*Asks:* 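Take a look at this one; I'll ask things after.
Chain naming here is simple, since letters A, B, ... match the order of the sequence lines and numbering starts at 1 in each. Quick caveat, the model's predicted, so the values are computed rather than measured.
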Amino acid sequence: MIRIAVGEADFDAGAEVRRLQAAAGDAGAIASFIGVVRPQSGGEALLSMTLEHYPGMTERALEEIAQAACSRFALSAVTIVHRVGRLVPGAQIVFAGAASGHRQAAFEGVQFLMDYLKTQAPFWKLEERVSGDHWVEARSSDDEAAARWERR
Amino acid sequence: MIRIAVGEADFDAGAEVRRLQAAAGDAGAIASFIGVVRPQSGGEALLSMTLEHYPGMTERALEEIAQAACSRFALSAVTIVHRVGRLVPGAQIVFAGAASGHRQAAFEGVQFLMDYLKTQAPFWKLEERVSGDHWVEARSSDDEAAARWERR
Amino acid sequence: MKLVYFAWVRQQVGVSQETVTPPDAVQTVGDLMSWLAGRGEGHARAFADRSRIRAAVNQVHAGPTARVAAGDEVAFFPPVTGG
Amino acid sequence: MKLVYFAWVRQQVGVSQETVTPPDAVQTVGDLMSWLAGRGEGHARAFADRSRIRAAVNQVHAGPTARVAAGDEVAFFPPVTGG
């Protein structure tokens with residue numbers, strides 16, 4: 001089962017975990033990740049973070065990433081929830097979760113989801129700081145994290 | 001912040017995740033793992049799984065594992081919740097969670113927690129199957145998973 | 001051909017989308033970027049350093065040699081930064 | 001010296017804990033296992049294959065060469081299987 005949700009509304013991480021558990025069937029291992037807006041960026045206070053995305057392509061890209069993770073790691077359930085719009089520090093941005101029969105597959109599944117989400121899904125972050133607005137730059141460490149899955 | 005809980009009561013994974021988030025401070029990355037009793041074992045239906053432990057040593061061992069993970073991966077918060085007593089298929093057994101400033105550290109932190117928990121914490125599983133009761137044997141794959149952290 | 005822009009590419013171009021009819025010589029994503037760079041000051045600024053721009057054709061990531069045709073939806077944006 | 005047993009070791013020994021006063025010659029966890037194996041049928045069965053037994057002294061994992069002394073709490077159990 002694949003669940004993809006993109007929108008402005010906050011999500012209930014606990015409910016997402018329970019949903020994964022319910023969908024997991026025989027899978028005894030559920031791994032998940034939550035990303036939260038940090039209070040600082042570039043050495044100064046972050047006032048807000050606005051997430052822009054490409055409606056239509058976003059859902060398609062997330063669905064593809066989820067499908068790839070499912071077949072690669074034999075996952076029985078995958079969830080990706082990603083928020084868009086203006087978020088303040090402490091707000092949840094993303095939930096990624098995977099259920100599998102084996103804990104290693106569940107962990108690797110979620111890491112794969114996050115690595116590809118960060119390099120393939122059409123989201124962009126605009127930081128509102130005291131010094132002004134700054135578009136977050138893509139990080140080479142994220143590209144490298146995604147590239148490690150290609151080499152295997 | 002380290003939270004260790006061992007007991008018969010079920011836990012609310014969502015509440016644990018929210019607690020980690022609240023304790024995480026500046027940490028923007030929260031990874032977690034939930035283990036669930038599977039419906040099958042050894043090719044037959046599993047009726048129940050009873051977890052025995054060593055009161056006193058259990059809490060001490062979990063605390064040490066959590067401390068080791070905190071300092072090794074610069075985690076700002078760690079939670080380990082482990083149930084004991086008789087559990088039926090589908091029941092939650094364990095929750096392990098870690099908060100960090102970086103997603104890789106959060107993922108590695110939780111994997112470290114689970115690998116050491118499975119090889120160091122004094123828990124034993126008795127499976128009640130149709131064919132009779134069976135003590136779960138330790139798996140060499142779990143020893144190998146824990147050993148990979150020693151080599152680094 | 002429908003063009004859509006995101007993040008600072010959108011801000012520099014000045015619109016979030018536009019419909020264009022490029023000349024027949026524009027066959028690829030790269031051709032389209034060159035042609036767009038000549039459409040005005042904002043476009044010129046947005047496409048000044050192409051190494052900073054990524055593209056999608058019909059909502060699929062596409063490199064500079066990917067073909068474009070009438071009726072396509074072509075998107076230009078910076079490297080993605082979600083998650 | 002307080003001895004505690006868990007899982008199938010407990011089942012085979014027949015009690016979950018007991019208090020013993022081993023002879024002075026019993027200096028290590030390994031010595032203690034040898035001595036315990038002679039204490040009766042259940043103990044003999046439990047300690048028949050020592051490679052299957054793990055120990056803790058005062059709630060800390062301990063190998064067969066670890067020292068034991070009067071007043072210690074020594075635990076014997078199979079390899080752990082939690083999580």
*Asks:* Listed by residue number, which members of residues 89-97 of chain B have a heavy atom under 4.5 Å from any heavy atom of chain A?
*Replies:* Gly90(B), Gln92(B)

*Asks:* I'd like to know which of Gly101(B), Ala13(B), Ala24(B) tops the heavy-atom pair count under 4.5 Å against chain A.
*Replies:*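 Top option by heavy-atom pairs under 4.5 Å: Gly101(B).
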
*Asks:* For Arg19(A), give me all partners under side-chain contact (heavy atoms from CB on, under 4.5 Å), at least two apart in sequence or on another chain.
*Replies:*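 Counting only residues at least two positions away or on another chain, Arg19(A) forms a side-chain contact (heavy atoms from CB on, under 4.5 Å) with Arg3(A), Glu16(A).
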
*Asks:* Nearest 0.5 Å, what's the CD1-CZ distance between Ile34(A) and Arg18(B)?
*Replies:*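 The distance works out to 9.5 Å.
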
*Asks:* CZ of Phe107(B) to CZ of Phe107(A): how many Å apart, nearest 0.5 Å?
*Replies:* 9.0 Å

*Asks:* Between atom CZ of Arg103(B) and atom OG of Ser141(A), what is the distance when rounded to the nearest 0.5 Å?
*Replies:* 7.0 Å

*Asks:* Considering residues, nucleotides and ligands other than His134(A), do more than 12 of their heavy atoms fall under 6.0 Å from its NE2?
*Replies:*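 Yes, NE2 of His134(A) has more than 12 neighbouring heavy atoms, counting only those of other groups under 6.0 Å.
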
*Asks:* Sequence neighbours excluded, which residues qualify as side-chain hydrogen bond (donor to acceptor under 3.5 Å, both in side chains) partners of Thr119(A)?
*Replies:* none

*Asks:* Using non-hydrogen atoms and a 4.5 Å limit, figure out which bit of Asp12(B) sits close to chain A: side chain, backbone, both or neither.
*Replies:* side chain

*Asks:* Quick check: are there more than 12 heavy atoms from other residues, nucleotides or ligands sitting under 6.0 Å from CD of Glu137(B)?
*Replies:*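 No, not enclosed.
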
*Asks:* Under the side-chain contact (heavy atoms from CB on, under 4.5 Å) rule, what do Gln111(A) and Gln111(B) come out as? Steps first, then yes or no, please.
*Replies:* CA-CA 12 Å; Gln111(A) 289 181 84; Gln111(B) 288 181 84; 3.2 Å; yes

*Asks:* Side chain, backbone, both or neither: which part of Ala15(B) has an atom under 4.5 Å from a heavy atom of chain A?
*Replies:*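 Neither part, no heavy atoms under 4.5 Å.
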
*Asks:* For Val37(B), which atoms come within 4.5 Å of any heavy atom of chain A: side chain, backbone, both, or neither?
*Replies:*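 It is neither, since no heavy atom gets under 4.5 Å.
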
*Asks:* Taking only residues two or more places apart in sequence or in another chain, which ones pass side-chain hydrogen bond (donor to acceptor under 3.5 Å, both in side chains) with Glu52(A)?
*Replies:* Arg10(C)

*Asks:* Indicate yes or no for a side-chain donor-acceptor contact from Arg38(B) to the backbone of Ala27(A) under 3.5 Å, with no hydrogens or angles considered.
*Replies:*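 No.
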
*Asks:* Which one wins on heavy-atom pair count under 4.5 Å against chain A: Ser32(B), Ala31(B), Gly35(B)?
*Replies:* Ser32(B)

*Asks:* Tell me, out of Gln21(B), Gln104(B), Gln40(B), who's got the most heavy-atom pairs with chain A below 4.5 Å.
*Replies:* Gln21(B)

*Asks:* Considering only heavy atoms, which portion of Ala145(A) lies under 4.5 Å from any heavy atom of chain B: side chain, backbone, both, or neither?
*Replies:*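 For Ala145(A), the contact with chain B is made by the side chain alone.
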
